[in-house]
Number of protein chains: 4
Amino acid sequence: MVGGGQNAFIGAVHRMAANLDGQIELVAGAFSSDVKNSKTTGEQLFLNPKRIYASYAEMADCEAALPAGERIDFVSIVTPNFLHASVATTFLKAGFHVVCDKPMTLTLKEAKALRETVRKTGKVFALTHNYTGYPMVKEARELVRSGKLGKILKVVAEYPQGWLLDKIEAEGQKQAAWRLDPKRAGASSCLGDIGTHAENLGRYITGLEIDSLCAEFTAFIPGRVLEDDANLLLRYKGGAKGVLHCSQISCGEENNLNIRVYGTKGSLAWQQEHPNELKFIPKDEPARILRRGNGYVSEVAKKFARLPAGHPEAFIEAFANIYLEAIAAIRASLAGRRGTFDFPTVDDGVAGMAFLETAVKSAKSNAKWTKFVKA
Amino acid sequence: MVGGGQNAFIGAVHRMAANLDGQIELVAGAFSSDVKNSKTTGEQLFLNPKRIYASYAEMADCEAALPAGERIDFVSIVTPNFLHASVATTFLKAGFHVVCDKPMTLTLKEAKALRETVRKTGKVFALTHNYTGYPMVKEARELVRSGKLGKILKVVAEYPQGWLLDKIEAEGQKQAAWRLDPKRAGASSCLGDIGTHAENLGRYITGLEIDSLCAEFTAFIPGRVLEDDANLLLRYKGGAKGVLHCSQISCGEENNLNIRVYGTKGSLAWQQEHPNELKFIPKDEPARILRRGNGYVSEVAKKFARLPAGHPEAFIEAFANIYLEAIAAIRASLAGRRGTFDFPTVDDGVAGMAFLETAVKSAKSNAKWTKFVKA
Amino acid sequence: MVGGGQNAFIGAVHRMAANLDGQIELVAGAFSSDVKNSKTTGEQLFLNPKRIYASYAEMADCEAALPAGERIDFVSIVTPNFLHASVATTFLKAGFHVVCDKPMTLTLKEAKALRETVRKTGKVFALTHNYTGYPMVKEARELVRSGKLGKILKVVAEYPQGWLLDKIEAEGQKQAAWRLDPKRAGASSCLGDIGTHAENLGRYITGLEIDSLCAEFTAFIPGRVLEDDANLLLRYKGGAKGVLHCSQISCGEENNLNIRVYGTKGSLAWQQEHPNELKFIPKDEPARILRRGNGYVSEVAKKFARLPAGHPEAFIEAFANIYLEAIAAIRASLAGRRGTFDFPTVDDGVAGMAFLETAVKSAKSNAKWTKFVKA
Amino acid sequence: MVGGGQNAFIGAVHRMAANLDGQIELVAGAFSSDVKNSKTTGEQLFLNPKRIYASYAEMADCEAALPAGERIDFVSIVTPNFLHASVATTFLKAGFHVVCDKPMTLTLKEAKALRETVRKTGKVFALTHNYTGYPMVKEARELVRSGKLGKILKVVAEYPQGWLLDKIEAEGQKQAAWRLDPKRAGASSCLGDIGTHAENLGRYITGLEIDSLCAEFTAFIPGRVLEDDANLLLRYKGGAKGVLHCSQISCGEENNLNIRVYGTKGSLAWQQEHPNELKFIPKDEPARILRRGNGYVSEVAKKFARLPAGHPEAFIEAFANIYLEAIAAIRASLAGRRGTFDFPTVDDGVAGMAFLETAVKSAKSNAKWTKFVKA
């Protein structure tokens with residue numbers, strides 16, 4: 001693991017997700033640019049002190065130098081956004097598979113370069129757009145794929161949060177500080193941090209590609225350079241329309257990612273805060289509440305569930321599903337086998353950065369309609 | 001009553017709303033341009049045959065000719081949209097107060113002219129933006145007015161329906177046919193029919209005025225001239241932002257008008273399909289579920305409730321609240337008293353038409369940002 | 001109308017329900033034993049002063065003496081419980097049809113006597129177990145009748161309220177005072193007042209008959225003679241089991257009547273506070289959310305709905321449905337026609353009193369299992 | 001681990017719960033009475049083959065013979081119910097701490113004996129009444145403890161499931177087979193399996209003790225000896241009343257454990273299928289929806305949460321909380337420290353068995369009211 005020192009939220013999430021199914025063992029790490037923090041973190045995680053590294057570069061070198069059976073199989077990258085690209089590139093080139101937190105890079109250019117590196121090295125690269133790991137999100141995709149929604153007409157995706165309503169970045173809250181700092185977060189804050197999840201979710205479920213968009217960014221809290229709220233209208237190729245809005249200043253909202261997809265034959269609705277349910281309304285029929293763990297859900301939804309119906313699974317289990325598929329791919333790669341796997345790849349990362357770059361371009365031109373930039 | 005012949009949906013609603021509280025008696029009507037329909041309708045409503053009229057013009061004349069104690073006190077106009085302006089003008093000029101269904105007119109120009117007539121005649125004119133009659137909508141407005149939400153930052157208003165997903169206007173469904181016919185519905189269908197309710201609701205609750213907007217209209221069903229779906233981004237005066245979308249092709253949606261208002265100190269959410277509840281989340285505190293009929297709601301919400309908590313009130317009761325306030329104003333007018341009343345007026349009608357005209361202008365320019373036209 | 005003077009809750013509800021559909025006109029009343037209250041009430045209701053009576057006996061006499069076309073067609077009885085039997089008997093014997101609030105009488109003996117009177121007079125007698133007027137309750141009954149639930153195994157009916165948590169009967173709250181006074185309410189308070197609704201609802205939907213029961217009554221608030229909370233276990237004929245509990249001291253509960261019915265092929269759930277929805281779960285399939293006003297509901301549910309889907313109907317509309325069916329029966333009777341009608345009858349009243357008497361018997365024997373008394 | 005071979009549901013749950021936080025490593029096991037199953041399971045779990053045992057007795061012996069730093073610290077018992085007591089006793093006597101699935105034993109007598117063994121050995125014994133591991137259940141207990149509900153008057157606890165509506169025990173479904181077999185499950189099936197969770201949850205939250213109860217058991221599916229449905233009325237010491245019902249033949253129900261507690265100053269409601277929320281209604285005030293992860297929840301609820309608000313936690317995380325507290329106690333014990341810990345103990349197991357034995361006694365006497373047997 002690179003990143004994820006003490007008090008880092010997302011590193012701990014990755015570790016729990018990786019632990020859950022007993023298939024992955026954390027054996028080495030460079031947890032922080034602060035060497036002491038890295039050391040303490042590694043010790044708390046029961047690591048062999050020799051494999052707690054002072055920097056990710058050192059880690060890549062030393063691990064690569066270990067015998068094949070002893071070195072790490074892959075690295076998890078959970079640093080702030082601006083480091084993703086260089087850490088990933090370093091490990092890919094050192095011969096390791098990579099699991100990387102999102103957004104993949106700071107810019108589309110970096111994203112394309114990383115894609116190139118992934119292609120050249122032939123290594124597995126998994127991006128933790130974790131919300132697509134939820135079984136009922138996979139069920140939603142199956143509904144669309146199987147034609148039960150007919151032709152998709154409209155997509156409404158939302159991701160409101162409220163935790164940045166106070167200017168906590170000025171009070172030393174680290175999570176807030178780097179997210180609102182253009183140097184570490186890139187050209188977008190709210191849309192990059194959470195809006196991309198909404199976009200990714202929509203793309204994952206519907207397969208629709210954006211043709212053009214109109215993006216209105218607002219920095220509501222005085223002193224912020226980057227937006228803390230974004231509202232977008234979308235035009236998809238093929239004629240569907242979309243509304244996507246996200247916010248980090250929406251008082252009382254926690255992590256309310258949700259999506260509604262309307263087709264000619266049916267519609268669906270899913271909410272991240274109630275992830276075990278998926279509402280499906282076939283045309284002219286009563287709404288069906290599909291629930292994880294039941295016999296009637298698709299094979300895909302079944303594959304990614306651990307517990308019987310009514311025993312709720314949640315965020316960590318969904319996150320772990322990304323890891324399960326990534327290591328299935330890694331195992332296949334190590335064994336020289338091929339296969340198809342269901343996790344977000346470097347292509348999703350590139351698509352996400354293209355979306356972000358298009359939206360930033362629109363926002364900077366006073367929310368003018370803007371063609372999707374080439375990914 | 002003018003309009004509301006057999007099989008007309010909205011006429012029956014107005015009659016139930018007017019009946020509910022035992023304060024209004026239907027005594028005369030011109031229910032249809034089809035004289036026979038008008039006659040049958042009137043008979044079924046137990047009217048004196050002499051007061052069932054063949055046309056609204058006749059009705060205005062004949063009623064005005066009756067002695068003061070015998071003639072109608074006011075007229076309810078429940079015709080298709082394109083007739084609202086002329087019927088209203090006729091009755092106002094004949095000395096009658098008016099309750100009129102929305103949208104008020106076909107064009108902003110007509111709306112302004114009607115406003116002028118109302119001002120000149122000094123009569124009461126009530127527009128049945130019925131959703132503002134719900135007690136918990138009034139409670140929402142009180143929350144904003146009392147400062148409990150702080151400064152409003154963002155408003156999300158939605159009004160999805162699904163009943164026009166099939167091309168039923170081609171199969172002789174009357175309700176659909178006039179709504180999608182530019183001659184009878186005006187320059188907008190979906191936004192005019194239901195989006196204006198969402199706009200009116202937002203304005204009623206927040207008091208915010210739109211500065212400019214970007215409106216994307218879509219006619220999803222082939223052969224339609226007017227839009228059956230509309231997505232808008234809004235910029236309010238003072239810096240708040242808004243998202244408003246409405247649809248009549250959203251499969252499975254019934255009449256899902258809903259609104260969320262986010263301020264610096266709190267947020268609220270209300271859904272028309274569960275009208276007795278209002279969610280209010282004060283900053284950093286748990287959500288409160290405010291429910292109609294309880295001792296803790298505001299005096300205004302109490303005034304407009306008939307039943308104790310847990311005995312749900314709904315659509316007709318909210319509609320009746322508009323009538324109750326309108327006739328309170330009419331009684332005051334008849335008695336020469338003044339007062340302030342809580343019902344949508346001709347000014348709301350003008351504002352609604354200005355909104356519609358701005359949105360149509362934006363939509364026609366490929367959804368360009370457009371300044372709010374002068375109302 | 002007999003009863004329903006100023007500040008009486010249920011009288012006003014009956015009037016709104018009767019007004020709603022424009023089929024009933026209130027023309028006479030004895031609204032209170034307090035003559036002044038009766039007079040004022042009648043005047044506020046725009047009655048002819050001659051038909052505002054000082055007592056129900058006087059009203060029955062005088063109305064019976066009027067010419068056939070001028071006198072009332074039926075009487076609505078909305079007095080406190082202890083008067084129901086004598087008022088009903090008086091009017092039935094005077095030749096009038098009767099709509100009566102529940103519980104029908106104070107004792108089972110009175111109930112049987114009233115049944116006898118109804119049979120002898122041949123008049124229509126409707127008991128306002130209003131909750132069976134909800135369209136989705138009728139849909140629930142249709143689901144059972146059509147066999148979609150299979151054989152019924154278990155019924156859970158609840159009716160918690162919280163308004164008697166404070167000892168408001170000691171502070172002069174009239175509604176509370178008579179309900180907790182054995183002389184005016186009978187041998188049971190909470191179960192008689194609301195538990196009978198839960199029992200009636202269960203019987204209406206499932207058709208099951210109780211074989212024996214175990215009833216635990218509690219008077220939680222010191223000083224109360226009658227119970228303010230009751231928990232029952234039920235054994236139905238044929239082997240089904242039931243749980244029924246009701247309460248008026250359940251803090252925070254408003255009017256939360258709800259029922260769940262479990263069969264061998266499916267289950268259903270309905271909540272009075274969200275009356276437009278009915279959850280139906282066919283075995284091994286996803287839950288269906290059936291909603292009033294849609295094309296897929298039964299003809300019966302359609303017949304009793306006024307508004308399209310998504311335009312909620314509620315308490316008053318359900319109440320009005322009882323009136324609509326009662327007056328359909330009355331009209332048929334006046335016209336000498338026969339027919340089947342869907343409203344609670346004197347037999348339901350007798351069954352309700354038998355239930356109550358059985359429960360009281362059980363409660364008095366320290367909640368021993370008790371055979372259903374003969375109705 | 002003892003038990004938890006391939007296809008066993010609860011063993012896998014225990015392993016995931018133990019893995020989640022990276023504090024526990026599975027190093028030895030006797031996973032099945034079928035030696036081959038045990039071996040395969042152990043291999044799949046990456047165990048050292050030497051520490052995959054053929055029987056729990058062998059495991060206890062061999063592990064006890066290992067040097068202190070190498071042997072297991074504690075054992076997890078996840079066998080069918082009838083083995084719990086002997087396995088636990090064996091390991092306790094061999095000097096190991098124990099985490100044991102519920103119900104603790106088959107009989108109250110066994111339970112008391114086990115309690116004696118725990119006392120004598122001084123070892124940590126944790127019983128996985130996992131539902132008390134949910135942070136919002138702990139919040140519920142805090143609300144009661146802090147007096148915010150006042151004196152508790154009524155408790156309604158439910159645990160309906162539907163998975164035994166078909167006679168799957170006759171089709172070789174193992175989970176069903178042992179649960180419905182008196183030899184392996186004890187004198188009760190449904191109440192023992194899930195009803196005890198509801199009882200434990202009520203006791204955990206309210207601290208109330210049962211004085212007497214009336215239990216109606218039903219075996220709805222022909223051929224079953226043990227009940228598949230149970231309805232109970234409860235009388236608590238101090239005057240509170242309770243309703244507790246559980247079922248495994250309630251069509252469409254998944255794992256719907258839920259509880260409502262009504263006090264003189266407030267009420268609360270919690271549902272296992274939506275575990276991140278707790279409804280709290282202070283008297284005369286709006287309902288509060290308390291949600292896990294927010295700043296306003298108690299320190300206890302915070303301590304047992306891993307993720308920020310809106311990132312749902314669920315079943316496995318709650319289960320892991322039991323493990324976290326158990327190993328905190330084990331660590332303290334190993335270090336010779338004392339402390340108070342929040343997990344279900346052998347006393348909870350005894351109380352649960354006393355509850356079960358009382359209920360069985362009542363059920364066998366045709367549901368007569370029965371005094372709580374001495375625990």
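Just so we're clear, the structure is a prediction, and the values are computed from it rather than from any experiment. Below, chains carry the letters A, B, ... as their sequence lines are ordered, and counting in each starts from 1.
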Side chain to side chain contact (heavy atoms under 4.5 Å, CB included), that's the test. Do B:Leu307 and C:Ile316 meet it? Break it down for me. CA-CA 9 Å; B:Leu307 300 177; C:Ile316 295 171; 3.8 Å; yes
If you tally heavy-atom pairs under 4.5 Å between each of B:Pro308, B:Pro275, B:Ala320 and chain C, the highest tally belongs to B:Pro308
Please tabulate, one pair per line, the N or O donor-acceptor pairs under 3.5 Å between chain B and chain C.
from     : atom 1 : to       : atom 2 : distance (Å)
B:Asn19  : ND2    : C:Leu20  : O      : 3.3
B:Leu20  : O      : C:Asn19  : ND2    : 3.3
B:Glu254 : OE1    : C:Arg291 : NE     : 2.8
B:Glu254 : OE1    : C:Arg291 : NH2    : 2.8
B:Glu254 : OE1    : C:Gly310 : N      : 3.1
B:Glu254 : OE2    : C:Arg291 : NE     : 3.1
B:Glu254 : OE2    : C:Asn294 : ND2    : 2.8
B:Asn255 : ND2    : C:His311 : NE2    : 3.3
B:Gln272 : NE2    : C:Gly310 : O      : 2.9
B:Glu273 : OE1    : C:Arg291 : NH2    : 2.8
B:His274 : ND1    : C:His274 : ND1    : 3.4
B:Arg291 : NE     : C:Glu254 : OE1    : 2.8
B:Arg291 : NE     : C:Glu254 : OE2    : 3.1
B:Arg291 : NH2    : C:Glu254 : OE1    : 2.8
B:Arg291 : NH2    : C:Glu273 : OE1    : 2.7
B:Asn294 : ND2    : C:Glu254 : OE2    : 2.8
B:Gly310 : N      : C:Glu254 : OE1    : 3.1
B:Gly310 : O      : C:Gln272 : NE2    : 2.9
B:His311 : NE2    : C:Asn255 : ND2    : 3.3
B:Pro312 : O      : C:Phe315 : N      : 3.1
B:Phe315 : N      : C:Pro312 : O      : 3.1

Heaviest contributor of heavy-atom pairs below 4.5 Å to chain B, chosen from C:Gly22, C:Ala18, C:Gly293, C:Ala12, is C:Gly22
